[in-house]
Every structure is written in C-alpha cells, then in structure tokens.
Visitor: 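Before I ask anything, let me first share the structure, which is written out below as structure tokens.
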Amino acid sequence: MHIMEGFLPFTHALAWTAASAPFLAWGLHSVSRTLRSHPEQRMLLGVSAAFAFLLSALKLPSVTGSCSHPTGVGLGALLFGPAAMVPVGFVVLLFQALLLAHGGLTTLGANVFSMAIVGPFVAYGVFRLGCALGLTRSMAVFLAACLGDLSTYVTTSVQLALAFPDPVGGVLLSFEKFGGIFAFTQVPLAITEGLLTVLVVNAMAQF
Amino acid sequence: MIIERLAYASPWRAVAPSAKAIFAGGAMAAAWLAPSPWMAAGLAALVATVTVAGARIPLRDYLRVAMAPMGFLMLSCLTMLVTVNPSPGAPTWRLATEMLPQVLMIATRAMALCAALLWLVLTTPLGDLLALLRRLRCPAVLADLMAVTYRMQSVLGDAWSDGLTAQRARLGHAGRLQSLRSTAQLISQMAVQCWMRASALQAAADARNFDGTLRFLHAAHPNGRREGAVAAAAAIGLILLAAWGRWA
Amino acid sequence: MTTLIELVSASYRYPDGTPGLDDCHLRLRAGSRNALLGANGAGKTTLMQHLNGLLRPTSGHLHWQGHPVAYDRAGLRALRQQVGLVFQNPDRQLFSAHVEEDVSFGPLNLGLGEHDVRTRVAAALDAVGMRAHARSPVHHLSFGQKKRVCLAGVLAMQPQLLVLDEPMAGLDAPMQRDLQQLLDDLVARHGVTVLISTHDAAFAADWADELHLMVAGRCRLSESADRLMAQPQAWLDAGQSPPEVIAVHQELVRRGVLPATPVPRSMPRLLDQLRNGLTPQPQAQPHPHIHPHPHERPCHDAA
Amino acid sequence: MTTLIELVSASYRYPDGTPGLDDCHLRLRAGSRNALLGANGAGKTTLMQHLNGLLRPTSGHLHWQGHPVAYDRAGLRALRQQVGLVFQNPDRQLFSAHVEEDVSFGPLNLGLGEHDVRTRVAAALDAVGMRAHARSPVHHLSFGQKKRVCLAGVLAMQPQLLVLDEPMAGLDAPMQRDLQQLLDDLVARHGVTVLISTHDAAFAADWADELHLMVAGRCRLSESADRLMAQPQAWLDAGQSPPEVIAVHQELVRRGVLPATPVPRSMPRLLDQLRNGLTPQPQAQPHPHIHPHPHERPCHDAA
C-alpha cells in the first residue's frame, strides 16, 4: 500500500524523508562494501530489483480475487539480507512512482520507511526468530513474508494517522480507521504473499 | 506500462529533461504554497490541462493513469470524514463535517502535486529521468542499480509474459488454484534465472572493458539552456501566483 | 484428407497497436506436414498463437474439425488439449526444476490421474530421447535438450495438431535431422498434423507436404510443395528466395543434362536424378508421402 | 598476411566441471574472414570468450600479434579494446535504456573524451543503419535491430578483431544479407579481422576465407574455404555435412557437364559456371577477395 503523491503534509513528508535517508545511506554503504569483494553482485541486485518491480506491477491471482501488488520484500530480505533491501526497495518504489504513478516523489520517504525498511527488517527478524524457535522452513517463510507484509501496512496506517489525527479520537482512532479500511485488501494480500513466498522458496530449493 | 508508452510518444520528449523537471518542481512548490482549496484545485487543473493539451496526452489515457491515486485519495478522504460520537457507551459513527475544509485542502493539494508528477512522467520517459539523476551526481551505486533495473524490467517483463503464455498453452491457468501454483512456479523459475542473467550481463559488460562503473553518454540537448529558462519562468510564475494568494 | 483446422479471414491487432494478422486464411489437412514461411514480422508467431486459442481474432473465425471454436473456458480447454504449441525459446517455456516435472505439467492440468500422467510422461520422454534425463535439473541441459523437453511437454498432452515455432533454429544439423525424423514418425504413426514455422526455404520445400507463405500478416499462398517447386516467381512474390535447387534444375534442363521432369524438392533428390541417369521421380523420393490434394487453391489470392 | 591472434594448446574446464576446450589451437590471420563451425556443445562459444579474455585457459596460451596476453588489468584492457565480442542473445548484453547510451558504454570505458565518444557512437550507428534510432529505447526495438545495436556497441570500440557468436541466428534472409555486407565492408575498408560462429555450412563456405571446424572442444581443422571444398571427407570427419554444392559439382564433373575446375564455393557460383559455359573462376567470383595463404596447415592434425 503506497501513500499517493502529495497526500502527506509538508512537515511529515520531510520528516519521513529525513528518517529514511540514514537507512538508505547505510544500505548503500553496505552494498558498496559487498560490491568491492563481489563485483558481480552489482548486476544481480539490478536484475533482482527489476524482478521485484515486475512482481509489484503484475496482477497476480489472490485469494479474494482482487488484483494485488505483493511487495516481494519478504523474499528479497531472505535472499539478500535487509540492508541490501533498502536501496533495492528505494529503486523499486521510485520506479513505481515514475512508471505506474503508485506512490509519489514527496511521499517517497514515507513509503521507503514502511516498505523498504520496516518490512524487510520484520520479515528477516521473524524468519531468524522462527528458525531459532525450530519452526519448519515453510512455516518460518510464511510467517516472515506474511508479517513483513502486514508490518508495512501497519506502518503506513501509523504514518497516515500521525498526519491526520481524528478530530475526536486523535491519532489512535485515526489509526484504527485507516488500519480498518485498508485491512480489507491488505490482510488477504499478506496471506497470499505468504503462501506464494512459501511456494516460491520451496520451488527454488529444488533448482 | 501505459505511462512509459505515452512518455515516449509525447511531442515534448525531446525537450531537455532538466527543463521539464524544473517546471514539475515549480508546480510542486506552488502546490505546497497554495493557500486555499480553490487555488490548489486551479493549479491542478492548470497543470493537467498543460499536460493533456500541450503534451497531447489523450484524455482517456490521462484519466486511466490518474485512476489509481484518485482511488486512494477518495478512500482516505472518506476515512477522515468519518468519526465517532464522543458520547459514553457504544460508539456510534457520524460524519465529521468539521473536517470538511481541512479534507478539501488535503485533497486538492494532493491533486495538484499528483498533476505535477503526472506532468513529469508523461512527458519524460524514465530512461531520460535516470540520465538526469546521473548528471545530478546521484551516488554511483544507486545510478548503476537503477540503470540495470530499468533495462531488465522490460526484459523480464517480456520473459514473464512469454512464460505465462506458454503456461496457458498447456492449460496452466484453467483454474484459480492451478493459476496460483503456476504463478509460483514461474516466479521461482524466473528468480533462479536472475542469477544467470546477471552473470550474462556481467560478461557482456566485461567484454566491453567494464571497470566497475556503468558509464553512458548523456543525450545532447542543444536547446537545453533556452528550454530551461522557459521552464524556470513558468515555474516562477506558478510559485508567484501561489505566494501571492498566500501572502497578499 | 479432411480439414483439421481452419482460420477464416482472421484479423488481429495487438493491444499496443502493432498489427498482427490481416484477413488471414489458413487451412490444415488432417495428417499433413505443413511449413509456414515468412520474413521476421510477417505474423508467423501471431498466427500460431491463434491456432491454440492464445489469441482471439478481432474479426474472423477459427474452425476445429468444421466447428467454430468457442472462446469460453470449456472451449479453450478442449482446443488447447488438441493443439499443442511449442514456442521458439526453450528458456521461456520451461518452468519446473526437473525435466519430468515439467513434462507432467500439461497432463496434470488435464486432470489425469497419477498413473496416466506417469505413463504419458515416460512415453513423451522416450519419444524425444530424453528418458535418461527424466530427473535432471532443467537448467543444466543443453539448448538442444531443452528444446526436446519442450516438445515432450506438449507431446504428453497427446495433441492432434502440433504447432512448432522455429523448431530448427539454433539446432545443429544432426539434431535437426533427429527432430525431423521424430516429426515424420508422429505424422506417419499417430496421424498427427504438424505445422512448423521456419526461415529455411530449402528445408521447408524438402520436408513439408504443404507450404504456406506469409506476408504482412496474411497467408499469401498455400500450395503443395511439389507444385510450388514449379513456380519460382510465387516465392519471390512472397518475399522469399526460392530454394536453390529450382534454379540448378532449370539450368540443367535447359542444357539438356536432365529431361524436363518436375523439379525435385531438394538437392539430394536432384543428385539422385543425376546419378540414376534421368530416372524420374518414384525411386528418387525418399519420403513415401502422398500428396493427394490436387485441387487446393491459394488460401488468399496473390493478385 | 601476419597472424593477428593465436590460441595455443588451450584447455579450459568450467568451474562446474563441464568441459570447455581441450588442447585447442586456433590462428587467425590479420584481415581475414573466418567461420567457426561445430555442433552444439563443441565449444564455439567457449573458444570465442577466450579470444576476448573473458575466460582464461587453464593451460595453454593466447597470443596477440605474437605476444602472450597478460591476464592482469592492463593486459585485459588492451586485449578487450582490440577484440570486440558480440554475444548471441541481445537481451543479455544490452543494459542501457537508450540505443545511444548503450553504444557509448564501450568507448567511455576506453577513457575517451565526450566529443570522440559522440563521433564514434554516431559512426557505429551509421555503420549498422541504426542512426535514426539513436534515442529510441532499447526495448522498443525488434530482435534484428537489437542485434545491430549490440554490434554497434562493439564497433564503437574500433576493435581489430570482431568476434560474433551466431550472428545470423534468428535473422531472416534480407537481414542476413545486410549483415554480411556490413562485415565484408569492415574487412575490405578497415582491415578488420572477423570470426563468426555458425551452423550453416553453406554460408560459411561461401563467405569465409578460412574455416575452422570444431569438435569436442578442439579446433580439428583450419583450412581455406577453397581448399576445403575439395575435401568432402574432412567435413564429415568433423561431424559436419559438407555443403551440397560439392556433391552436385562432383556429379556434374563426373558426367562431363562441367570441366574439372575447382569446386565453386556456393550454388550461385556453380550456376554461374553452368550458365557461362564452363568459364572458370574469375568472372564467376562475386567476392573480389583474395585468398593469398597457400601454405596454411590444419591448426590441429585431423589424424
């Protein structure tokens, strides 16, 4: 779920951009370091970002039958680690804004924060935790992708709630409202993404 | 990808991307400055008209592109316009009419900013924007990443649709469950392919003396200065208009 | 022979505006070997995707065994079961980790039971000579092997019409011979109808019973190979270089080296004629195939 | 002519164990047109990647103009500037959005100034007939156009040796003629040496000055095309079908239709001989190219 161009107030847009910038810088630094020892990763990251973008632009079959945009962050974080996913996610989100008009430039910072920072870190953390707790690989992957997806949507709801508190119930009620209305699309989507990621990881394991 | 197609067909494609970016930036600044919903709505209408008429974007295509963000906008605005009664006991929902002016401002400003973004992407293909970013000294790693991503998204897109067609030819998408399974199979096959494609690209780059940074020639824009000046004047005009509304 | 499939005045334009087909007619006889010739962009692939229902003509019709094809779920399912389509690039049509798994994709989608699927997969892999690689990972196979797996994946659905897009491209001479042998077997033993697209006029003339020349989204001429050998101008009209054997034969006849026999369909057949001292066709024909359609007419008039 | 590049007893095995080259010798003369023939998997691509230093022989050497190539940064840089390599699949080697950008990649890597780069890019695009598409996005091009852009990207580096992997694959006849014309121009006007790999024995025999037959990772025979036309057995030994013109010529000579002239290198040349009433080679040669290397020997003895 992307916040559209221009929807956030100026100060919020600026604040989220400022919040994302150090993560992006850190991600780029980490990628540059990797590239020094593994220069061939440059192309691989580009191809993977292209693939993530492609998946996000596709209409995939989902449980509810609606067309959807899985974020693919879960899979990416599991394959490349969360640090590399910040620049990759940044590029994917920028391309979505410029090629699909999903999200925008002024809201890029906020969207990067939820989708390229929170999502991958949650997915990666859940996966490591799941493995530590002795879950099966499928279960750990499902939870990682599903919760990674849900966490991005929760973050987006928080961002919207902070920007537009309810006149009566304040930020909390606003969060419930935004969270509730987008839950109709996002919860089935998170489950689909979880299932799909399990299928994909299992199929990839055979290659 | 309809935006891409329209941008390449746009008669303003040849105009220097920097000039188009200046105008888009000006329009965005004006949208932030616009003091009233009327001003913001007027700005949105103006920029949209310039895009549709000047860049000769068919209105139907323009509306199709704008549909996704407008859907988000409508849903979010409705959310803001609903609140609970502060009475004790079970909460009852009501229309928050006191929010109306604020929501109107948010919505029109978002539309104006969105129109500015659409102006930029509908007249300037992403490839040209990436070249602009490279000229503006965007970090090399990021620029390389974007270059490869841009080229490969179309290659992978072709591969994806060919794969899907091949699956359909063998009845792989005859039912919903089948479709989900086939899709997962295709995703994983293509994910594995990413490694092979990456190493093929690496070999092809090495064969042309690649030394760690993707270098490309930027397009020559002989009229770039003049176009930039015109765009800057237009941008300043928009900003002055909005500022005059705010402080006059 | 009866008509198996027929495309009637089909036109098609891609969503992005690229023209695909333009009032195209094509008729394939049951049990015949057909070659589709045409320059890049003439619409060969588009035509082939129509035969399998992957594309639906914007105007015009597709008839299967005399009945118009219904483009609903059941109709498409039935059509795709009968018409197997092998694409050009194997890397874009194999999506399973292992050979066997990929070949089973079609039969499983037909809803067959596990035992039937196994039997079919084994038979299909046998047919293409890939039985030994059943458990091999697909991405370790060579280009030629991948092409054979693609074919097996379609054969396992036991189609009546086999449509192959540029099957010979990228294969070396021995592999091309093997593939040709396999296709001939399918036609001879199982009565399968085959349509292949190719750039190779000499191969098409030698192998096919009937040739279809495409120009600009239209099947400009459908003619038996034997008759087309007598019309070098027809090839040129369709933008194709006629097979070299035509000119050589013509010259040899002019110089009285050979009698004015019909043009042989390939250089080896011409050589046979030369060696056997002017013996006419019968012995010289390595392919025992009959061409019993004396009355066909161009599917679209070349005028 | 002098030797431009020479691979000396090179062996190579891929990291995953696949054999690549096996004690392979290859010598290319400056300014000659060379064709590399061999079955799929014979090692043609592997060999080509050695010539550009993309692969380094596990044992054996590569000599450029008589000097062994140094596999350090400077050595590879120098080699890759001289040896342009065009891969088979354009989608795997073009990584820039626009035609012009992609073509500029090589020259910029050579450290040239902007003005020089622009001149070279324009010249390269002119050479392949893609000047009008300089600002087009790569993904709007057809397959044939993409192949030409790949070639331009290498030409812009002004290599002395041009190595093309299956350049004719997927092109239709007119496109193949254009490409052949372009390569001939490069050889004739700029003295560039060209090596192409192909499956098409007839084309190779007609076009190349020298043919190199590969079998199982080894260059089994290097021979001038003229001489190879007289040795049908040599083709068969290398697993290739000899061009059909050899057998036809032989038969015509046997029957006394033609005098015992050297075998013409293509069917059209044979036809010329027939038409011009046994006139020997000179007039019949459409290619004015000389083949002045009477003393070459097989790069590896076929015994």
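All of these numbers come straight from a predicted model, not from anything done at the bench.
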Visitor: Under a 4.5 Å heavy-atom cut-off, does chain D meet the side chain of B/E4, its backbone, both or neither?
Guide: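 For B/E4, the side chain is the part near chain D, not the backbone.
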Visitor: Of all the residues in residues 6-17 of chain B, which have a heavy atom that comes within less than 4.5 Å of a heavy atom in chain D?
Guide: B/Y8, B/R13
Visitor: In terms of heavy-atom proximity below 4.5 Å to chain B, should D/D91 be classed as side chain, backbone, both, or neither?
Guide: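 For D/D91, the contact with chain B is made by backbone and side chain together.
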Visitor: Tell me, side chain or backbone of B/A220 under 4.5 Å from chain D's heavy atoms, or both, or neither?
Guide: both
Visitor: Kindly indicate whether the side chain of B/R208, heavy atoms from C-beta on, has any atom under 4.5 Å from the side chain of D/R80.
Guide: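 Heavy-atom side-chain distance check fails, nothing below 4.5 Å.
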Visitor: Which atoms of B/A159 come close to chain D, meaning under 4.5 Å heavy atom to heavy atom: side chain ones, backbone ones, both, or neither?
Guide: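 The answer is neither part of B/A159.
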Visitor: Using non-hydrogen atoms and a limit below 4.5 Å, what part of residues 104-119 of chain D faces chain B?
Guide: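 The residues closer than 4.5 Å to chain B, in numerical order, are D/S104, D/F105, D/G106, D/L108, D/N109, D/L110, D/E114, D/V117, D/R118.
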Visitor: Just give me the residue among D/D102, D/N89, D/V154 that pairs up with chain B most often, heavy atom to heavy atom, under 4.5 Å.
Guide: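 Ranked by contacts with chain B, first place is D/D102.
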Visitor: Any side-chain heavy atom of B/F210 within less than 4.5 Å of one from D/F95?
Guide: no
Visitor: For D/H61, is the NE2 atom crowded, meaning more than 12 foreign heavy atoms sit under 6.0 Å from it?
Guide: no
Visitor: Under a 4.5 Å heavy-atom cutoff, which of D/R92, D/Q49, D/E100, D/H140 has the most pairs with chain B?
Guide: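 If we count pairs closer than 4.5 Å to chain B, D/R92 comes out on top.
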Visitor: If we define contacts as heavy-atom pairs under 4.5 Å, which of D/P137, D/A97, D/A156 has the most with chain B?
Guide: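 Going by pairs under 4.5 Å, I would pick D/P137.
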Visitor: Can you tell if the side chain of B/V155 reaches within under 4.5 Å of the side chain of D/H139, non-hydrogen atoms only?
Guide: no
Visitor: Would you say CE of B/M196 has more than 12 non-hydrogen atoms from neighbouring residues, nucleotides or ligands within 6.0 angstrom?
Guide: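 More than 12 heavy atoms, drawn from other residues, nucleotides or ligands, come within 6.0 Å of this atom.
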Visitor: Listed by residue number, which members of residues 165-173 of chain B have a heavy atom under 4.5 Å from any heavy atom of chain D?
Guide: none
Visitor: With the side chain counted from C-beta on, respond yes when D/E101 and B/L217 share a heavy-atom pair under 4.5 Å apart, and no when they do not.
Guide: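 D/E101 vs B/L217: side chains apart.
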Visitor: For residues D/R73 and B/D211, determine if any side-chain heavy atom of one lies less than 4.5 Å from a side-chain heavy atom of the other.
Guide: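 Of all side-chain heavy-atom pairs linking B/D211 with D/R73, at least one is under 4.5 Å.
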Visitor: Name the member of B/A200, B/G157, B/A147 that forms the most heavy-atom pairs with chain D at distances under 4.5 Å.
Guide: B/A200
Visitor: Take a 6.0 Å sphere around CZ of B/R226 and say whether it holds more than 12 heavy atoms from other residues, nucleotides or ligands.
Guide: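 Not buried by this count: 12 neighbours or fewer within 6.0 Å.
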Visitor: Please list, in residue-number order, every residue in residues 123-137 of chain B that has a heavy atom less than 4.5 Å from any heavy atom of chain D; write 'none' if there are none.
Guide: B/G127, B/D128, B/A131, B/R134
Visitor: Need one label for D/Q81: side chain, backbone, both or neither, based on atoms under 4.5 Å from any heavy atom in chain B.
Guide: both
Visitor: Quick one: which of D/V121, D/L76, D/V138 has the most heavy-atom pairs under 4.5 Å with chain B, could you say?
Guide: D/V138
